[in-house]
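The block underneath contains the structure these notes are about, expressed in structure tokens.
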4 protein chains.
Amino acid sequence: MRAEPRWARRKDARPAELRAAALDLFVERGYAATRLDDIAARAGVGKGTLYLYYASKEDLFKAVIREGLVPLYEEGERMVDVHTGSAATLLRALLHTWWARVGATALGGIPKLMIAESGNFPEVTRFYVEEVMSRGMRIIGRVLALGMDGGEFRRVPVEPAARLVMSPVVLMAVWRYSFQCFDHGDGDPADYIDLHVDTFLRGLAP
Amino acid sequence: MRAEPRWARRKDARPAELRAAALDLFVERGYAATRLDDIAARAGVGKGTLYLYYASKEDLFKAVIREGLVPLYEEGERMVDVHTGSAATLLRALLHTWWARVGATALGGIPKLMIAESGNFPEVTRFYVEEVMSRGMRIIGRVLALGMDGGEFRRVPVEPAARLVMSPVVLMAVWRYSFQCFDHGDGDPADYIDLHVDTFLRGLAP
Amino acid sequence: MRAEPRWARRKDARPAELRAAALDLFVERGYAATRLDDIAARAGVGKGTLYLYYASKEDLFKAVIREGLVPLYEEGERMVDVHTGSAATLLRALLHTWWARVGATALGGIPKLMIAESGNFPEVTRFYVEEVMSRGMRIIGRVLALGMDGGEFRRVPVEPAARLVMSPVVLMAVWRYSFQCFDHGDGDPADYIDLHVDTFLRGLAP
Amino acid sequence: MRAEPRWARRKDARPAELRAAALDLFVERGYAATRLDDIAARAGVGKGTLYLYYASKEDLFKAVIREGLVPLYEEGERMVDVHTGSAATLLRALLHTWWARVGATALGGIPKLMIAESGNFPEVTRFYVEEVMSRGMRIIGRVLALGMDGGEFRRVPVEPAARLVMSPVVLMAVWRYSFQCFDHGDGDPADYIDLHVDTFLRGLAP
DNA sequence: TATGAATGAGCGTTCATTCAT
DNA sequence: CATGAATGAACGCTCATTCAT
């Protein structure tokens, strides 16, 4: 009388599958324009099944945001914790890693999604700002402070500078989901990031 | 011997008033979540009045985008045409002007709006990409090319570099409409732009 | 200081012009599907002008019905009053006259219109039934009674027989406005009426 | 061990129930003046349920027409196929049957409905003319030809004669739904049909 | 657990009616 | 008299949510 492993596995995986389907469609069409029917269909379940895992459409949206990026940022913090080389190297690594883990994956849609829906979900927006955005900025800020303290960078206000660092990669991720199909001129994201880091590091030279 | 009937003035001004009200609400809530009732109420007219000027909600949305930024970009092009000083000065002036005319005004919501709704309006997205975004990039690109040709900047690929220039200010405008109320740490936008230009110009020094 | 004759003439003619425009459109599209804008446009006046002559759409509809056929039926009654020849000849003349004056003109749409809208306008339907339909039946009935009294026709119940007489021509008028464009097989209405009268009179031979 | 779920039975029966409710109201008030709320209420379902079976109000209307009379006309054709007695007997039987199956039932409203709405639904009007009206005429026409070929009737043009046969019964059905409540003088429909057939057959005697 | 038929509140849109000109 | 801009009640249609199976 074993439990059925196949079903059990599906049952455990369901929430993540549902969130993945929801994220895809929310990012593509926006929250309001996405029908639960479509999310259910994309996840390969019936419409009612959604309600076994999430109490409402809004609840599903919140879960998409909450479960999305937080784990990755913990990894980012560890990267800074254990780093021993130059701040410049770390900065470059962090941006490339962010792109590989977020910008180039479906998670890259989350910033676009939050930008679009912030006005309608104050509670989850506060969560996103505090637990994701600010946290990311703090990671970058730590690296900048490290470099400035070590004489590697000239002194600039940390928080605005951290925004300068993140802006190009965040906006590239956002554009990727918004204008990619109409914008035929983009080269390799890695090259773009390197150009950005090169220029920024020169700009920060003491 | 009246100068002109009150109505005529209203009739001429109405479309712009309606677009302004629509832009405010579209930016705040997103296209789908904005009710025409609310747009009409904010514009101080009845719901049916909207349909005297725009054939549908979609039509109104398109007008908001189409009539919004194009005139300003023509002005930007003229700024480059007539400029005589250094490319660095021009670049700084363009960004500050963009912020004053777009980022700090209601028009600053248009990038956020297009980011959010691009998936649902391919036609107007194409327009926005071609007539607004690409045009803005071309303006910046001309300045960068100017500086590189004049030995003021080191040689870098123009198009990605133009993106780097615009990213922080565009994203600041987007954030202003999305996360401002939750993000208590931002300083003066002008300072932020100056920090960006300073760093970027140093980074581009030959 | 004469009154302006042109205007005065227009002013007097307006109600009839408006009713004519309304009849055309009511017959073509039905009452509910006809917009007052269209009626006004067809009559060549502004939308508000309609309300100078008729208090509401419903009022206009009632006028269309009330002013439409009544005068013609008075003429029909006189035809019977003054007739001296055989009942058969009179019957044939009445049907041909009805077709010429009603069936073949715009007035032929009134039966279709009343059939369609009777459920929504009980008051005007009662008027139509009593002042138009029943009156027409009474005219035909008088002719039949004349023929039966004179030994020209065999005795049959007058009222149902009168309906039999009118049915083909009324239905032809109705079809003309409903199915004409899809029904390519109809010959000359006059031949149809003659066939009807011939057959009916034979059928009524003593 | 249930035979079948209650829902399945309902699901199969629903379309016919909805069409029946729609026919009643369309006939009573006309297409435009009938609200979907009322149709749903009469069918005992919620408003949204309609859209599970018909894509739009127009679609429902078309189904009402398409599914309404066609099966009956197939039966009519079989009656002619298998008949062996006189054409006169067959003609009388066909009219009485038509009245019993169509004129006296809710289906009798369909001719009224098509008359009223033909202008707004060209496509379904074409269907009705070709698959219902013309087909009915052809059935009657076959009987007339039969009688003429057998020497039972004198020779007359078949198509107009078929219209003469149908006009009184069709118009009686139409009137039943339009003027019944205001027209207090009608006797037994069967008597009316008999009078019609008697007269018409005498009129067609060789 | 999973389903999808059923629901009805909500919104985009239309159009008869009003009224300032 | 005549106009047409403005209005808002009304209706077709959608879709998040429920619940019997």
Side-chain angles (χ1 to χ4, degrees), chain A residues 4 7-8 10-11 14 32-41 44-60, chain B residues 2 4-8 10-11 14 32-41 43-60, chain C residues 4 7-8 10-11 14 32-41 44-60, chain D residues 2 4-8 10-11 14 32-41 43-60:
Chain A
E4 299 166 72
W7 268 46
R10 287 308 292 272
K11 197 189 148 201
R14 275 280 154 80
T34 299
R35 280 165 297 163
L36 287 188
D37 280 304
D38 295 335
I39 296 176
V45 302
K47 186 174 24 171
T49 305
L50 277 174
Y51 286 85
L52 298 174
Y53 298 94
Y54 297 100
S56 67
K57 189 186 184 185
E58 187 172 337
D59 202 50
L60 175 56
Chain B
R2 286 176 301 86
E4 45 180 344
R6 266 213 311 266
W7 275 13
R10 296 310 294 273
K11 204 192 161 202
R14 276 282 154 77
T34 299
R35 280 164 294 160
L36 288 188
D37 280 304
D38 294 335
I39 297 176
V45 301
K47 187 176 20 172
T49 304
L50 279 173
Y51 287 85
L52 297 177
Y53 298 94
Y54 297 100
S56 67
K57 190 185 185 185
E58 186 173 337
D59 201 51
L60 174 57
Chain C
E4 300 164 72
W7 268 47
R10 286 309 291 272
K11 197 190 147 199
R14 275 280 155 81
T34 299
R35 280 165 296 163
L36 287 189
D37 280 303
D38 294 334
I39 296 175
V45 301
K47 187 173 25 169
T49 304
L50 277 173
Y51 286 85
L52 298 175
Y53 297 95
Y54 297 100
S56 68
K57 189 186 185 185
E58 187 172 337
D59 201 50
L60 174 57
Chain D
R2 286 174 302 85
E4 47 179 342
R6 266 214 310 268
W7 275 12
R10 294 311 293 273
K11 203 192 160 201
R14 276 280 154 79
T34 299
R35 280 163 296 161
L36 287 187
D37 280 304
D38 295 335
I39 296 176
V45 301
K47 186 178 17 175
T49 304
L50 280 173
Y51 287 85
L52 297 176
Y53 298 94
Y54 296 100
S56 66
K57 189 185 185 185
E58 187 172 336
D59 201 50
L60 175 57

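In what follows, chains are A, B, ... by sequence order, proteins preceding strands, each numbered from 1.
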What is the distance from [atom1] of [X] to [atom2] of [N], rounded to the nearest Å?
X: D:Tyr51; N: F:dA16; atom1: OH; atom2: C1'; value: 17 Å
X: A:Leu60; N: F:dC15; atom1: CG; atom2: C1'; value: 15 Å
X: B:Asp37; N: F:dG8; atom1: CG; atom2: P; value: 11 Å
X: B:Leu50; N: F:dA5; atom1: CG; atom2: P; value: 15 Å
X: A:Arg35; N: F:dT17; atom1: CZ; atom2: C1'; value: 16 Å
X: B:Leu52; N: E:dT13; atom1: CG; atom2: P; value: 14 Å

Straight-line distance of [X] [atom1] to [Y] [atom2], nearest 0.5 Å:
X: B:Lys47; Y: B:Leu36; atom1: NZ; atom2: CG; answer: 8.0 Å
X: D:Tyr51; Y: D:Asp59; atom1: OH; atom2: CG; answer: 10.0 Å
X: D:Arg14; Y: D:Thr49; atom1: CZ; atom2: OG1; answer: 6.0 Å
X: B:Ile39; Y: B:Tyr54; atom1: CD1; atom2: OH; answer: 11.0 Å

(request) Check every atom of E:dT17, F:dT3, F:dT17 against the side chain of C:Ser56 and return the nucleotide holding the closest atom. (result)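 Nearest to the side chain of C:Ser56 among the choices is E:dT17.
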
(message) Distance criterion of 3.5 Å, no angle test: do you see the side chain of D:Lys47 paired donor-to-acceptor with the base of E:dT7?
(response) no

(message) Ignoring hydrogens and geometry beyond distance, is the side chain of B:Lys57 in donor-acceptor contact with the base of E:dT13 at under 3.5 Å?
(response)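 It does not, because no donor-acceptor pair links the side chain of B:Lys57 to the base of E:dT13 below 3.5 Å.
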
(request) Assign each of A:Gly48 and D:Thr49 to its nearest nucleotide of DNA chain E by heavy atoms, then name whichever residue's nucleotide is nearer the 5' end. (result) A:Gly48

[N], OP1 or OP2 - any side-chain N/O from [X] closer than 4.0 Å?
X: D:Arg14; N: E:dA5; answer: no
X: B:Tyr53; N: F:dA6; answer: yes
X: D:Tyr54; N: F:dC13; answer: no

(request) Give D:Leu36 one of three labels, base, sugar-phosphate or nothing, depending on what nucleic acid heavy atoms sit under 4.0 Å from its own. (result)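 D:Leu36: backbone/sugar contact only, no base atoms under 4.0 Å.
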
(message) Can you give me the closest heavy-atom contact between B:Gly46 and B:Ala40, atom names plus distance?
(response) O-CB, 3.7 Å

(request) Specify the closest pair of heavy atoms between A:Ala33 and B:Ala32, including all atoms of both residues, with the distance to one decimal. (result) N-CB, 4.4 Å

(request) Could you provide the dot-bracket string of DNA chain E, using ( ) for intrastrand pairs, [ ] for crossing pairs and | for bases paired to another strand, with Watson-Crick or G-U pairs below 3.5 Å? (result) .||||||||||||||||||||

